[in-house]
Amino acid sequence: PRRRRSSAPEPRADHYAAFASHYHWFLDDVRRRVGCDTPGVRLAVRAIPEHARVLDAACGLGIDALWLAERGRRVTATDASSGMVAEARRRLAASDAPGVDVRRCEWDDLGSEFPPDSFDAVLCVGSSIAHAPHLRRVLSAFGSVLVSGGLLILDSRDWEATTSAKPVVEVEPVIVEREGRRCRRSYEWAQPEPSGPVELRATLEFLGDDGSVSESMTWTLHQHAFTRQDLRAALERAGFGSIALDRIPGDDRYTATARRR
């Protein structure tokens, strides 16, 4: 007899497992930043009332969760990467912030992990939403745990300005100094197929006293490009209204906010 295939999705590879312990180098200031500090995110979180229940749905190192908890929000943090969850727990345990519940959870599993109406707001920043191959499905999962009228805040790279068949390389001029070390960061994006995923190569180069590169590390990640119109349509289909996408000339990132209908 032919074996019946399981309908359960295969677990995703944890691409951030080895990345987690070095990820803080990609942030200029791990104590002050909210996500990637996209223009609009810091303003949007002010709309979250004190004592509100907030889900940080791509918590990474737990920086956003810590920032919100220190300002009176009741925070739960999730990430698909066990490496990031471990690093977030370590950092939050070393802080003076009120307790933050940190769990490993895929976006698709939010509805089974948390009951309906669990949160007043969901935060998904750092352009993390680009890891979702199916926007509407993930946005629906966010909505499934939000109260009616609950706030969704997310940000994204403006993929229309970034993606190209020809690789786009960005070398940051800022040298990050931390822990007695100096580090230069660079990024390379390429979309080999017009409808395929974007390949992102993130590189850290540690510099010696003479300025030469003493150590180099590169991580390759895959993200899914979408237009602003794609995002707005997916939000509407997922049951969100009051959708706002900010437009800041010259910035390659933007913030989106929406309310669950």
Side-chain angles (χ1 to χ4, degrees), residues 33-60 62-69 71-80 100-103 105-159 223-248 253-261:
R33 293 174 74 87
V34 178
C36 63
D37 204 19
T38 306
V41 170
R42 192 175 294 275
L43 178 63
V45 297
R46 295 178 185 174
I48 303 175
E50 191 174 359
H51 307 306
R53 300 164 300 166
V54 181
L55 173 64
D56 180 356
C59 72
I63 297 167
D64 307 309
L66 174 59
W67 192 94
L68 289 163
R71 287 155 181 81
R73 280 69 166 187
R74 293 177 290 164
V75 183
T76 299
T78 62
D79 201 284
V100 176
D101 180 15
V102 185
R103 308 185 193 183
C105 183
E106 301 265 356
W107 287 328
D108 286 343
D109 298 329
L110 288 173
S112 56
E113 184 76 15
F114 303 101
D117 302 330
S118 289
F119 302 102
D120 304 299
V122 170
L123 188 76
C124 181
V125 298
S127 204
S128 300
I129 195 68
H131 291 298
H134 306 288
L135 269 179
R136 179 182 176 182
R137 191 168 75 191
V138 170
L139 295 172
S140 295
F142 292 161
S144 72
V145 297
L146 273 171
V147 299
S148 178
L151 176 64
L152 172 64
I153 302 172
L154 58 87
D155 69 353
S156 174
R157 177 166 295 277
D158 189 345
W159 293 108
Q223 299 180 317
H224 301 273
F226 53 86
T227 66
R228 294 171 185 256
Q229 291 76 16
D230 291 338
L231 178 58
R232 180 180 291 276
L235 283 165
E236 291 174 347
R237 291 195 299 268
F240 286 91
S242 303
I243 300 168
L245 282 69
D246 68 12
R247 291 186 176 276
I248 300 176
R253 301 163 298 168
Y254 62 94
T255 302
T257 59
R259 297 273 181 181
R260 182 192 168 195
R261 295 196 192 100

Practice problem: Evaluate side-chain contact (heavy atoms from CB on, under 4.5 Å) for I48 paired with R71, printing each intermediate quantity in order. | Solution: CA-CA 10 Å; I48 303 175; R71 287 155 181 81; over 6 Å; no
Practice problem: Report the residue from L146, T78, D120 that forms a side chain to side chain contact (heavy atoms under 4.5 Å, CB included) with L55. | Solution: T78
Quiz item: Looking only at atom types and distance, does a side-chain atom of R237 sit under 3.5 Å from a main-chain N or O of R136, one as donor and one as acceptor?
Solution: no
Exercise. Taking all heavy atoms of R73 and all of V45, pick out the closest pair and write down the distance.
Key: NH2-O, 3.2 Å
Quiz item: Which atom pair, heavy atoms only, marks the closest approach of G40 to D246?
Solution: CA-OD2, 3.8 Å
Practice problem: Could you tell me whether the side chain of L152 reaches within less than 4.5 Å of the side chain of L139, counting heavy atoms only? | Solution: yes
Quiz item: Looking at side-chain heavy atoms only, is the closest gap between R232 and E236 below 4.5 Å?
Solution: yes
Quiz prompt | Min side-chain heavy-atom separation V100-L66 under 4.5 Å | solution = no
Practice problem: Answer whether the closest heavy-atom distance between the side chains of R253 and D155 falls below 4.5 Å. | Solution: no
Quiz item: Would you call R260 and D117 a salt bridge, taking side-chain N to carboxylate O under 4.0 Å as the test?
Solution: yes
Practice problem: Might you point out which heavy atoms bring A58 and D79 nearest each other, and give the distance in Å? | Solution: C-OD2, 3.6 Å
Self-check item: Over all atoms of both residues, closest heavy-atom pair of W159 and S127
Solution: CZ2-OG, 4.4 Å
Self-check item: Contact check, side chains of L154 and L231, non-hydrogen atoms, under 4.5 Å
Solution: yes
Practice problem: Return yes if some donor-acceptor pair links the side-chain N/O of W107 with the main-chain N/O of A141 below 3.5 Å, else return no. | Solution: no
Exercise. Looking only at non-hydrogen atoms, find the nearest pair between R157 and Y254 and report the distance.
Key: O-CE2, 3.8 Å
Self-check item: Contact check, side chains of H131 and Q223, non-hydrogen atoms, under 4.5 Å
Solution: yes
Exercise. Output the distance between atom OG (S144) and atom CD (E113), rounded to the nearest 0.5 Å.
Key: 11.5 Å
Quiz item: How many angstroms lie between atom CZ of R53 and atom CZ of F114, to the nearest 0.5 angstrom?
Solution: 12.0 Å
Quiz prompt | Side chain proximity check, V54 to R74, heavy atoms < 4.5 angstrom | solution = no
Quiz item: Would you call F119 and F142 a side-chain contact if the rule is heavy atoms closer than 4.5 Å?
Solution: no
Quiz item: If you measure from CZ on R42 to OG1 on T255, what distance do you get to the nearest 0.5 Å?
Solution: 11.5 Å
Quiz item: Rounded to the nearest 0.5 Å, what separation is found between the CG atom of L68 and the SG atom of C59?
Solution: 12.0 Å
Quiz item: What distance separates S242 OG from L235 CG, expressed to the nearest 0.5 Å?
Solution: 11.5 Å
Self-check item: Shortest non-hydrogen separation from D56 to A65 and the atoms involved
Solution: OD2-N, 3.5 Å
Quiz prompt | Distance in Å, R137 CZ paired with D108 CG, rounded so as to fall on 0.5 Å steps | solution = 4.5 Å
